[in-house]
Amino acid sequence: MRDPEALAAALPPGFVLGAATAAFQIEGAVDEDGRTPSAWDEFTARPGKIMDGSDARVATDHYHRYPEDIALMRELGLDAYRFSLSWSRIRPGGTGPSNPKGIAFYDRLIDGLLEAGIKPMVTLFHWDTPIELERKGGWRKRATAERFAEFAAIAGEAFGDRVDSWVTLNEPATITLEGYGLDVHAPGLGKTLSVIPVARNLLLGHGLAVQALRSVPVRGRIGITNVHTAVVPETDTRADLAYADLFDFLHNRIFADPVLLGRTPTGPRGVGALGVALRALSRTSPRDLAVMCQPLDFYGVNFYFPTRIAAGPPPSGLGTPDGLSDAMDGTPFHLTEWPEYEQTGFGWPIAPEYLRVVLEQLATRYGDRLPPIVITEGGASFDDVPDAGGYVDDQDRIAYLAEHIAVAAAGAPGVDVQGYFVWTLMDNFEWAVGYTQRFGLIRIDFDTLRRIPKASYRFLQQVLAARKG
Ligand code: FCB
């Protein structure tokens with residue numbers, strides 16, 4: 001599939017190829033035009049939280065350079081572009097009046113995309129909770145879900161006439177587990193049992209936001225983005241099976257089952273007191289479940305890699321590059337390696353066949369309740385080596401993307417996969433690891449902020465041109 005023509009020929013008619021970004025990772029301009037801080041601004045300022053000690057005050061400077069970025073997307077020939085709105089740019093502080101200058105920025109961005117023939121897909125929440133709301137308990141509090149629905153209504157009113165697709169939340173599993181459960185992401189609480197109320201409030205926020213967008217009404221399609229991983233026990237021992245089931249529960253099912261089935265997932269069993277506590281906490285009222293389970297026009301899936309789980313705390317010194325194994329020190333299970341696969345820069349196994357497994361699992365678990373699927377993120381970081389002119393010949397990224405796009409395009413029985421969004425358009429601020437992992441189709445020279453398309457950009461450009469031609 002590394003032949004662009006062959007990949008183009010494998011794409012079903014209407015299959016959307018896009019690229020994705022997130023506001024906090026690219027915009028910079030954190031103090032400009034009325035924007036106020038988010039939980040991530042505060043987290044990055046805490047010593048020792050970001051691997052290279054960096055922050056996102058400038059990031060890629062997209063806030064000022066967006067015309068150049070749109071021009072690059074146009075040249076690439078993208079069908080669609082997924083980006084997120086900075087909540088505290090549009091509604092500083094998360095409550096009160098909206099900020100006309102914040103809205104005007106996204107107006108310019110959306111209009112520029114439409115002029116370039118690129119469909120805008122808007123994510124309402126990609127983790128940057130306004131700090132004032134975070135200080136009042138953030139997603140541990142139901143009130144945050146209500147404020148989020150108000151924000152959705154503001155965004156719907158402002159952009160609903162032009163946005164093609166809406167994603168309410170990006171990866172509620174990640175902010176819940178890594179932000180509230182562990183201490184890897186903002187807000188960095190490290191409170192394991194807070195994960196269940198946080199998950200519940202996020203999903204309520206999702207449901208209320210869908211209702212808010214529909215009542216505007218907006219013209220675009222509405223969905224959510226969950227990150228899915230296929231979970232595999234390391235061995236067939238009872239303990240490994242039980243902890244693999246626990247991980248599947250925590251990572252996949254508590255976020256997908258209420259949204260798609262309107263029910264709390266069963267389990268987890270066989271993991272002692274932790275399981276009992278999680279079961280008790282996850283009981284959700286029928287009324288809340290009904291809010292979470294709104295009819296959706298599509299279901300967004302982010303897929304990066306499968307997960308292998310073994311019982312017992314992580315062996316010390318594993319130190320995976322994404323920081324997860326260290327952060328999980330003390331948990332009763334751990335993530336183990338995939339020696340049979342090559343790895344990305346983050347140490348993630350490159351296993352496109354597991355995207356197929358995820359699709360099959362979605363069909364089995366959710367049957368005719370499953371909306372059409374859009375892969376809203378997929379991609380890989382590598383140790384990009386630029387030549388003297390800054391050009392990166394990233395054949396490894398081309399292989400990753402070509403294989404995963406081919407699996408997505410082939411779909412699976414009972415699943416209608418409608419598109420694939422590459423993570424990400426350009427190198428950016430990669431959360432807890434700062435600027436140390438590069439995922440972009442476009443290289444950013446962070447000293448000069450120069451944008452230099454990589455070989456993977458050229459590859460995708462050829463795929464898009466071959467398909468259109
Ligand atoms: C996903 C996030 C995205 C980016 C990629 C690498 O979990 O949604 O912002 O960090 O991982």
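Ligands are counted one by one from 1 in listed order, and the atoms in each one are counted from 1 as well. Sequence positions, counted from 1, serve as the residue numbers for this chain.
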Check your understanding: Is the Tyr354 to Phe303 ring centre distance short of 6.0 Å?
Key -> no
Check your understanding: Does even one non-hydrogen atom of Gln437 get within less than 4.0 Å of ligand 1?
Key -> no
Exercise for review: Could you list which atoms of ligand 1 come closer than 4.0 Å to a heavy atom of Phe439?
Suggested key: 6 (C)
Review point. Any idea which part of Asn170 is under 4.0 Å from ligand 1, heavy-atom wise: side chain, backbone, both or neither?
Key: side chain
Practice item. Say whether Glu430, considering both its backbone and side-chain N or O atoms, lies within less than 3.5 Å of an N or O atom on ligand 1. Key: yes
Review point. Taking the six-membered ring for Trp, are Phe429 and Phe24 parallel (under 30°), tilted (30 to 60°) or perpendicular (over 60°)?
Key: perpendicular
Check your understanding: Within the structure, does Trp431 bring an N/O atom to less than 3.5 angstrom of an N/O atom in ligand 1?
Key -> yes
Point to revise | atom 2 (C) of ligand 1: nearest protein contact (heavy atom, Å) | key: Glu377 OE1, 3.3 Å
Review point. So, does Trp127 sit close enough to ligand 1 that a heavy atom of it is under 4.0 Å from the ligand?
Key: yes
Practice item. Establish, yes or no, whether the cationic atom of Arg451 lies under 6.0 Å from the six-membered ring centre of Tyr457 and within 45° of the ring axis. Key: no
Exercise for review: Step by step, work out the salt bridge (Lys or Arg N to Asp or Glu O under 4.0 Å) result for Lys119 and Asp79.
Suggested key: CA-CA 6 Å; Lys119 292 184 177 138; Asp79 297 324; over 6 Å; no
Exercise for review: Could you list which atoms of ligand 1 come closer than 4.0 Å to a heavy atom of His126?
Suggested key: 2 (C), 3 (C), 8 (O), 9 (O)
Review point. Tell me, do Tyr299 and His228 make a side-chain contact under 4.5 Å, heavy atoms counted?
Key: yes
Revision key, fill the gap. Looking only at protein heavy atoms, what sits closest to atom 7 (O) of ligand 1 is Glu171 OE1, 2.7 Å
Point to revise | Heavy atom of the protein closest to atom 5 (C) of ligand 1 (residue, atom name, distance) | key: Tyr304 OH, 3.2 Å
Point to revise | Residues forming a side-chain hydrogen bond (donor to acceptor under 3.5 Å, both in side chains) with Asp164, sequence neighbours excluded | key: none
Review point. Is a side-chain N or O of Asp55 found less than 3.5 angstrom from the main chain of Thr44, in a donor-acceptor match?
Key: no
